[in-house]
Amino acid sequence: MPTDIYDPREVVNFSAWPAMLPYECLKELQENLLNFKNTFCSILEVSHRSKEYMELNTETQDLFREVLNIPGNYRILFAHGGASTQFANIAANFQGKQWYVITGDFSERAYKEAQKVSESFVWKREVYEIASGKESNFSQIPSLEIISEWIQKDSTYVHITDNNTLFGSTLFQLPETDVPIIADMTSSLLSREIDVSKYGMIYAGFQKNIAPAGTAVVIIRDDLYEKLEEKLPAMYSYKTLVDIDSLYNTPSTFNVYFSNLVLKWIKQLWWLEVVEKLSRTKSELLYDIVDRSNGFYNNAIHENNRSITNVVFTLGDWGLEEKFLEEASEHWLVSLKGHKKVGGIRASIYISMSYEHVKRLANFMEKFQKENS
Ligand SMILES: *Cc1c(COP(=O)(O)O)cnc(C)c1O
């Protein structure tokens with residue numbers, strides 16, 4: 001990669017996680033870092049019990065509520081440890097029958113963590129796997145029709161992974177069931193409009209669309225809140241976190257601060273409606289080239305399930321892919337290598353990435369194809 005970069009915006013970072021953050025928010029952070037809300041301390045130093053931080057905490061929850069249109073019967077909390085920590089926490093926080101739809105690597109991890117909890121805890125939990133796409137190596141979304149037939153009515157929840165970050169597929173439609181749906185939306189929350197009232201619980205690690213890594217936002221409907229396990233160590237207990245306003249211990253104040261900036265930035269963009277249109281337009285730009293070309297391939301994922309945040313494709317030849325990655329980085333298009341379990345190329349195009357950024361990749365792909373066909 002060239003080292004004489006004069007404008008950091010020239011670099012387009014397609015990393016899946018941690019990922020690109022909105023330039024405007026980074027600039028604002030840079031300008032205000034040393035003086036958080038006129039405390040003349042930086043956000044990295046102020047007390048989480050200070051009036052200023054407490055206000056920020058409440059304001060950020062309100063912003064999530066406003067931007068995602070979260071109804072009044074849902075509670076919002078910030079948990080430590082990103083999304084993977086929630087995999088085990090969810091299973092521990094609820095008793096009874098728990099179902100897992102396996103559409104990719106993270107779904108499988110969530111299921112395995114729940115299994116461990118069910119095996120090691122003294123409370124009764126039954127953990128089941130349903131509709132696994134493992135046979136096709138997750139290249140296809142499994143049929144979800146069996147869900148309404150199989151899941152017993154008295155189950156506590158069914159867990160889904162909204163967007164399959166490694167393979168680039170998304171469950172745009174929810175399974176039909178009266179059992180509460182818990183959704184991992186780590187790589188998709190804030191990228192499109194959703195009807196929160198259709199979910200029992202939504203959670204997302206921060207580091208894709210929201211803020212730096214290490215925190216998760218958890219949104220719980222009242223009926224599931226009522227079912228939360230009481231006898232858990234405080235830091236694992238969603239009940240403790242809700243009841244104490246996510247301030248049991250020292251929260252990740254910086255991450256909450258940054259998510260606040262991002263949510264305000266989304267409001268300036270005229271909300272999720274616009275963000276969704278942008279996300280769709282950006283991903284279509286790339287899928288269109290893949291479909292028209294005879295050199296980039298994404299045959300596996302059904303059109304209706306193509307992710308709008310992680311565009312995955314191959315060049316059918318490992319040597320050519322190496323060349324593609326090398327030349328892309330010469331054009332300052334970086335972190336395009338697919339996950340090692342999937343291979344190929346992955347362009348993660350979360351909300352921070354502009355249309356112009358994606359267009360640069362599109363132009364490069366067309367040029368590369370002409371030169372190598
Ligand atoms: C990245 C990702 C995770 C893991 O998030 P961490 O915060 O690193 O634990 C979990 N689920 C999905 C869908 C992801 O994309």
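Keep in mind that the numbers below use all heavy atoms, side chains included, and drop hydrogens, waters and symmetry copies. When a ligand or atom number is given, it counts from 1 through the structure's own listing order.
In this structure, the side chains of Tyr350 and Leu190 stay at 4.5 Å or more apart for every pair of heavy atoms. Side-chain atoms of Val311 and Val358, non-hydrogen and from C-beta on, never get closer than 4.5 Å to each other.
Ranking protein heavy atoms by distance to atom 11 (N) of ligand 1, first place goes to Asp184 OD2, 2.6 Å. Atom 4 (C) of ligand 1 has as its closest protein heavy atom Phe106 CE2, 3.6 Å. At the shortest separation from atom 15 (O) of ligand 1 among protein heavy atoms lies Thr165 OG1, 2.4 Å.
A salt bridge links Asp154 with Lys97: at least one charged nitrogen is closer than 4.0 Å to a carboxylate oxygen. Look at Glu327 and Lys367 and you find no salt bridge, because none of the NZ, NE, NH1 or NH2 atoms lies under 4.0 Å from a carboxylate O. A salt bridge does not link Lys264 with Glu24: every distance from a Lys NZ or Arg NE/NH1/NH2 to an Asp or Glu carboxylate oxygen is 4.0 Å or more. The pair Glu31-Lys27 does not count as a salt bridge, with every side-chain nitrogen at least 4.0 angstrom from each carboxylate oxygen. Between Glu371 and Lys323 there is no salt bridge, since no side-chain N of the basic residue sits under 4.0 Å from a carboxylate O of the acidic one.
Here is the list of ligand 1 atoms found below 4.0 Å of a heavy atom in Gln207: 5 (O), 6 (P), 7 (O), 8 (O). Taking every non-hydrogen atom of Asn163 and a distance limit under 4.0 Å, the qualifying atoms of ligand 1 come out as 13 (C). Listed by atom number, the atoms of ligand 1 under 4.0 Å from Thr161 heavy atoms are 13 (C). Applying the 4.0 Å criterion to heavy atoms of Ser84 picks out, from ligand 1, the atoms 4 (C), 6 (P), 9 (O).
For Asp162, no heavy-atom contact with ligand 1 is shorter than 4.0 Å. Neither the backbone nor the side chain of Arg109 has a heavy atom within less than 4.0 Å of ligand 1. Of the heavy atoms in Tyr203, none comes closer than 4.0 Å to ligand 1.
No N or O atom of Gly82 sits closer than 3.5 Å to an N or O atom of ligand 1. The N/O atoms of Lys208, backbone and side chain alike, include one that comes under 3.5 Å of an N/O atom in ligand 1.
Between the side chains of Ser187 and Asn163, at least one donor N or O lies within less than 3.5 Å of an accepting N or O.
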Does the salt bridge (Lys or Arg N to Asp or Glu O under 4.0 Å) test come out yes or no for Asp105 and Arg109, once each step is laid out? CA-CA 6 Å; Asp105 190 66; Arg109 285 200 204 191; 3.5 Å; yes

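Ligand 1 has Phe87 within reach: a non-hydrogen atom of the residue lies less than 4.0 Å from it.
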